[in-house]
Student: 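Dropping a structure here in structure tokens format, bear with me for questions.
Side chains are part of it too, since the values below use all heavy atoms of this structure and drop only hydrogens, waters and symmetry mates. All chains are named by letter (A, B, ...) in the order of the sequence lines, taking the proteins before the strands, and each is independently numbered beginning at 1.
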Number of protein chains: 2
Amino acid sequence: MSVTKSRTPRNTLSSELIVRTALDLMEAKGTDAFSLRGLAAELGVGPMALYTYFRNKDDLYDAVRDHLMALVPPVPADVDWKDQVRAVCRGLRALMLQHPCLAQLLGSRPLSGHETARVAEGLLGVLRSAGFDAEAAARTHTTLFTYVLGATSWEIQMAAERRDPEAWRRLRTTMESLSAKEFPTVVDLAPELARTTGGDEQFDYGLDLLLAGLELRRPS
Amino acid sequence: MSVTKSRTPRNTLSSELIVRTALDLMEAKGTDAFSLRGLAAELGVGPMALYTYFRNKDDLYDAVRDHLMALVPPVPADVDWKDQVRAVCRGLRALMLQHPCLAQLLGSRPLSGHETARVAEGLLGVLRSAGFDAEAAARTHTTLFTYVLGATSWEIQMAAERRDPEAWRRLRTTMESLSAKEFPTVVDLAPELARTTGGDEQFDYGLDLLLAGLELRRPS
DNA sequence: ACCTGAACACCGTTCAAGT
DNA sequence: ACCTGAACACCGTTCAAGT
């Protein structure tokens, strides 16, 4: 561990190196704490060196997101269309849990990039093969994507809150301060609500509701 | 329009005034552009005056969110439980569309506050009355909430992107650059995918899938 | 093309002080 | 209790310049 960070020599930078280092930093210090200045310091260059490879911070975010989307597993063959949908949705969720920054990256920027298109292609292909027409396939794709995004982002957010003891204490306090007279059901179901803020079971519960609804609508 | 902003006299500040002004600013200049310094300037006080009423920026965010949640309409009586669920979900979505900052506020902070509890109480009461047990009611509540949050946040995000001509042009360009050989379904369904990024129909499509799934599971 | 260094116009928050 | 003013430790990005 040298105290003075050595200046990185010229022409050792690359888009890939920047993206990988950015991802490492987001994972290590949290997505919100990530900054271009911190990334540049980690790489041993001035902040402006990054602008040779990316037009701005959002452009870098898009690149990091597409880098992560490459890790979504391909659609499994030889299984029911519902299990294919399940595999894609669970795969995306698992990746978001593994890389919490992906939740933020997917929610704050429109979809673009080669790997992102690959995931969409897989899911849309499954739906078309299952018999859904163009419009139903598109609507279903958006529904599934926004469900996975909403459910998993929420789960990650709540898990992060639970790790901060101060925030967690305040949340419990306000929860307990609710009057049972005014909010009887919320107070009664407090333990169940706390248990169902995340986890595989909760995710599959909502996913299965959607799949059951889809099954009813699927053209034979 | 005076050029020099007059200093606000003492004891004219209040939590309510701060929250309302904060909301106005978020609506006028965008949630991301909101800052405590800008808010203080608008109120004609120093930035530190706000800390008498809120411990930090997140605490103010929570207050703004609860202020908005008061506008979610109560559960309608005398209709089918499914229409009650629909009313709550659509009401929350409509409020998010009307106040886009609400989407960001709900997604980035855990639920707390009196009005937020009121909305949860309404939805949970409907589900319990419809026959769902404690666990199913809690799971369904989380599923519905995360669906509404995910679908509507996405819709708002896409609409914002569409308003920025530069971002919209880049999105169209990358979409059109996708090879039809590698991504046949995405390219084929491009018009449908563009049409189904938002709107009442798209929202109801997903909501109806969930409700159809729930109907199958509901204990008689 | 690749990268630096200084500068601009911002942030949230702490701390000590004033009324 | 309510609010000020200066300061700290940051941001993303522009611009002109160097290699």
Student: In Å, rounded to the nearest 0.5 Å, how long is the span from OG of B:S14 to CZ of B:R20?
Tutor: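 Here the rounded value is 6.5 Å.
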Student: Under 4.0 Å, counting only non-hydrogen atoms across every strand here, what does A:S35 touch: a base, just sugar-phosphate, or nothing?
Tutor: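 Sugar-phosphate contact only.
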Student: So, B:T21 versus B:E42: side-chain donor-acceptor pair below 3.5 Å or not?
Tutor: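 Absent: no donor and acceptor within the cut-off.
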Student: So does B:Y53 get a side-chain nitrogen or oxygen closer than 4.0 Å to the phosphate oxygens (OP1/OP2) of D:dA1?
Tutor: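 False: B:Y53 side-chain N/O out of range (4.0 Å or more) of D:dA1 OP1/OP2.
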Student: Expressed in angstrom and rounded to an integer, what is the separation of A:L17 atom CG from C:dC2 atom P?
Tutor: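 Result: 14 Å.
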Student: How many Å lie between CZ on A:F54 and P on D:dT13, as a whole number?
Tutor: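 It is 13 Å, rounded to the nearest whole Å.
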Student: What nucleotide among D:dT13, C:dT13, C:dT4 has an atom nearest to a side-chain atom of A:V45?
Tutor: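 When the side chain of A:V45 is considered, C:dT4 is the closest of D:dT13, C:dT13, C:dT4.
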Student: Hunt down the Watson-Crick or G-U wobble partner of C:dA1, both distances under 3.5 Å, from any strand shown, or write none.
Tutor: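 Because both required distances fall under 3.5 Å, C:dA1 counts as paired with D:dT19.
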Student: In whole angstroms, how far is the P atom of D:dG5 from the CZ atom of B:R37?
Tutor: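 Taking CZ of B:R37 and P of D:dG5, I get 13 Å after rounding.
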Student: Whether B:R90 engages the ring of B:F203 as a cation-pi pair (distance to the six-membered ring centre under 6.0 angstrom, angle to the ring normal within 45°) should be assessed.
Tutor: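 B:R90 over B:F203 ring: no.
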Student: Drop me the distance from B:E27's CD to B:F34's CZ, to the nearest 0.5 angstrom.
Tutor: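 If I round to the nearest 0.5 Å, the distance is 12.0 Å.
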Student: Hunt down the Watson-Crick or G-U wobble partner of D:dC11, both distances under 3.5 Å, from any strand shown, or write none.
Tutor: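 No nucleotide pairs with D:dC11.
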Student: Sticking with atom C1', work out how far C:dC2 lies from D:dA16, rounded to a whole angstrom.
Tutor: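 The same atom, C1', in both gives a distance of 15 Å.
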Student: Measure CE/A:M48 against C1'/C:dC8 and give the value in whole Å, please.
Tutor: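 Result: 13 Å.
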Student: How long is the line joining CG of A:L50 and C1' of D:dT13, in whole Å?
Tutor: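 To the nearest whole Å, that distance equals 12 Å.
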Student: Could you state the NZ-C1' distance from B:K29 to C:dC10, rounded to the nearest angstrom?
Tutor: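 My rounded result for the distance is 14 Å.
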Student: Rounded to whole Å, please give me the gap between CG in A:L39 and P in D:dT13.
Tutor: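 Taking CG of A:L39 and P of D:dT13, I get 13 Å after rounding.
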Student: Given side-chain contact (heavy atoms from CB on, under 4.5 Å), test A:E161 with B:R109 step by step and report yes or no.
Tutor: CA-CA 8 Å; A:E161 215 69 32; B:R109 309 267 315 144; 4.2 Å; yes
Student: How close or far is atom C1' of C:dG12 from atom CG of A:D32, stated in whole angstroms?
Tutor: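 Spelled out: CG on A:D32 to C1' on C:dG12 is 14 Å.
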Student: So, is A:Y51 close to the D:dT13 phosphate, meaning a side-chain N or O under 4.0 Å from OP1 or OP2?
Tutor: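 True: A:Y51 side-chain N/O within range (under 4.0 Å) of D:dT13 OP1/OP2.
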